[in-house]
Asks: 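Sending over a structure as structure tokens; questions will come in a sec.
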Amino acid sequence: MDKQFIVKQSEKLKKAKEDLQKQLGSFSQESKTSDGGWNAKMPLYNGGAEEEADEVEEFATRLSLNDTLQEELKKVNLALEKIKKGTYGICDKCGKPISVGRLEAYPQADYCSKCQ
Ligand SMILES: [Zn+2]
């Protein structure tokens, strides 16, 4: 795969990583535990039962968004690792190259369009 393309992809991935970390940081705390994951912050309670119900719901929303963003961040990190190892752009399932168009649209793609 051509070097210039990889450099471009690596820049996109770094940018995506920053964005994801920023989004996660807005409502989650980077966990200091071994897995290096993120924990959604529990919203602060300010009294009333009605507000509490809202906050629990809000927390559930945060948790699912937290999972989605973390999943994405994992893929971005994996793609950056692959760039370092020189295996970027290869399908994790069938080992064939992923099309450039697909990688341009989604730099952290780990499967080709057939295996996806
Ligand atoms: Zn494949």
Side-chain angles (χ1 to χ4, degrees):
M1 196 165 285
D2 118 68
K3 240 183 190 166
Q4 210 138 32
F5 179 70
I6 300 268
V7 170
K8 228 169 52 186
Q9 292 301 96
S10 141
E11 274 163 16
K12 275 193 212 167
L13 285 163
K14 279 180 196 154
K15 175 86 178 49
K17 187 175 169 173
E18 264 174 40
D19 283 351
L20 285 166
Q21 282 174 332
K22 218 182 277 171
Q23 283 185 67
L24 277 164
S26 68
F27 62 83
S28 292
Q29 246 168 349
E30 193 164 14
S31 144
K32 303 272 182 261
T33 54
S34 52
D35 67 350
W38 295 69
N39 295 315
K41 279 182 214 157
M42 192 69 183
L44 290 173
Y45 289 114
N46 356 288
E50 212 169 289
E51 278 163 37
E52 207 169 295
D54 280 355
E55 278 154 3
V56 168
E57 206 181 296
E58 158 80 11
F59 187 57
T61 311
R62 283 186 193 189
L63 278 183
S64 82
L65 184 62
N66 189 54
D67 283 352
T68 312
L69 292 173
Q70 277 199 78
E71 211 36 58
E72 213 50 38
L73 187 59
K74 229 185 267 175
K75 279 191 186 174
V76 169
N77 281 329
L78 220 70
L80 285 166
E81 271 303 300
K82 284 181 183 170
I83 287 179
K84 265 192 223 156
K85 286 186 200 153
T87 57
Y88 179 73
I90 304 214
C91 173
D92 273 354
K93 221 177 217 171
C94 67
K96 285 182 187 150
I98 303 171
S99 76
V100 167
R102 182 166 162 75
L103 288 171
E104 258 171 1
Y106 190 55
Q108 59 267 48
D110 40 13
Y111 293 132
C112 70
S113 42
K114 268 187 199 157
C115 297
Q116 192 207 8

Asks: Which residues pass the side chain to side chain contact (heavy atoms under 4.5 Å, CB included) test with Ile90, not counting sequence neighbours?
Replies: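 Per chain and number, Ile90 pairs via side chain to side chain contact (heavy atoms under 4.5 Å, CB included) with no residue.
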Asks: Test of understanding: clusters of I, L, V, M, F, W, Y form through side-chain heavy atoms closer than 4.5 Å, transitively. Do Ile83 and Leu20 belong to the same one?
Replies: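 Per the 4.5 Å side-chain linkage, Ile83 and Leu20 are co-clustered.
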Asks: Could you pull out all residues at least two apart from Lys84 that satisfy salt bridge (charged side-chain N to carboxylate O under 4.0 Å, His left out)?
Replies: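 For Lys84, the residues satisfying salt bridge (charged side-chain N to carboxylate O under 4.0 Å, His left out) (neighbours in sequence not counted) are Glu81.
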Asks: Do Leu80 and Phe5 sit in the same hydrophobic cluster, where Ile, Leu, Val, Met, Phe, Trp and Tyr count as joined when their side-chain heavy atoms come under 4.5 Å apart?
Replies: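 Yes; Phe5 is reachable from Leu80 via cluster members.
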Asks: With a cut-off of 6.0 Å (strictly less than), are more than 12 heavy atoms of other residues, nucleotides or ligands near CD of Glu104?
Replies: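 Yes, because the 6.0 Å sphere around CD of Glu104 holds more than 12 heavy atoms from other groups.
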Asks: What residues form a salt bridge (charged side-chain N to carboxylate O under 4.0 Å, His left out) with Asp67, not counting sequence neighbours?
Replies: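 Once residues adjacent in sequence are excluded, Asp67 has no partner under the salt bridge (charged side-chain N to carboxylate O under 4.0 Å, His left out) criterion.
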Asks: Would you mind reporting whether Arg102 and Gln116 have side-chain heavy atoms less than 4.5 Å apart?
Replies: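 Counting from C-beta outward, Gln116 and Arg102 do come under 4.5 Å.
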Asks: Cluster question for you: counting only ILVMFWY and a side-chain heavy-atom cut-off of under 4.5 Å, with indirect links fine, are Leu13 and Val100 together?
Replies: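 Hydrophobic grouping puts Leu13 with Val100.
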Asks: For Thr61, check side chain to side chain contact (heavy atoms under 4.5 Å, CB included) against everything at least two apart and list the hits.
Replies: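 So Thr61 forms no side chain to side chain contact (heavy atoms under 4.5 Å, CB included) with any residue.
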Asks: Grab the two heavy atoms, one from Ala109 and one from Ile98, that are nearest each other, plus how far apart they are.
Replies: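 Looks like O-CD1, 3.6 Å.
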Asks: Could you tell me which residues satisfy side chain to side chain donor-acceptor pair (under 3.5 Å) with Glu72, sequence neighbours excluded, listed by chain and number?
Replies: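 With sequence neighbours excluded, Glu72 shows a side chain to side chain donor-acceptor pair (under 3.5 Å) to Tyr106, Gln108, given in chain and number order.
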Asks: Among residues at least two apart in sequence or on other chains, which ones pass salt bridge (charged side-chain N to carboxylate O under 4.0 Å, His left out) with Lys74?
Replies: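 Testing Lys74 for salt bridge (charged side-chain N to carboxylate O under 4.0 Å, His left out), a comparison that skips the adjacent residues, returns Glu71.
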Asks: With sequence neighbours excluded, tell me which residues meet salt bridge (charged side-chain N to carboxylate O under 4.0 Å, His left out) with Lys82.
Replies: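 With neighbours one apart ignored, the set is Asp92.
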Asks: With rounding to the nearest 0.5 Å, note down the distance linking NZ in Lys12 to CG in Leu103.
Replies: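 If I round to the nearest 0.5 Å, the distance is 8.5 Å.
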Asks: Go through the structure and list residues passing side chain to side chain donor-acceptor pair (under 3.5 Å) with Lys15, not counting sequence neighbours.
Replies: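 With neighbours one apart ignored, the set is Asp19.
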Asks: Out of curiosity, Leu73 CG to Gln21 CD, how far, rounded to the nearest 0.5 Å?
Replies: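 Rounded to the nearest 0.5 Å, the CG-CD separation comes out at 5.5 Å.
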Asks: Return the set of residues passing side chain to side chain donor-acceptor pair (under 3.5 Å) with Asp110 (not counting sequence neighbours), or none when no residue passes.
Replies: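 Testing Asp110 for side chain to side chain donor-acceptor pair (under 3.5 Å), a comparison that skips the adjacent residues, returns none.
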Asks: Going by the rule side chain to side chain contact (heavy atoms under 4.5 Å, CB included), which residues pair with Lys93 if we only count those two or more places apart in sequence or in a different chain?
Replies: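 Counting only residues at least two positions away or on another chain, Lys93 forms a side chain to side chain contact (heavy atoms under 4.5 Å, CB included) with Cys91, Tyr111, Cys115.
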Asks: Please list, chain by chain and in numerical order, all residues satisfying side chain to side chain contact (heavy atoms under 4.5 Å, CB included) with Leu65, sequence neighbours excluded.
Replies: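 Leu65: side chain to side chain contact (heavy atoms under 4.5 Å, CB included) contacts with Phe27, Leu69.
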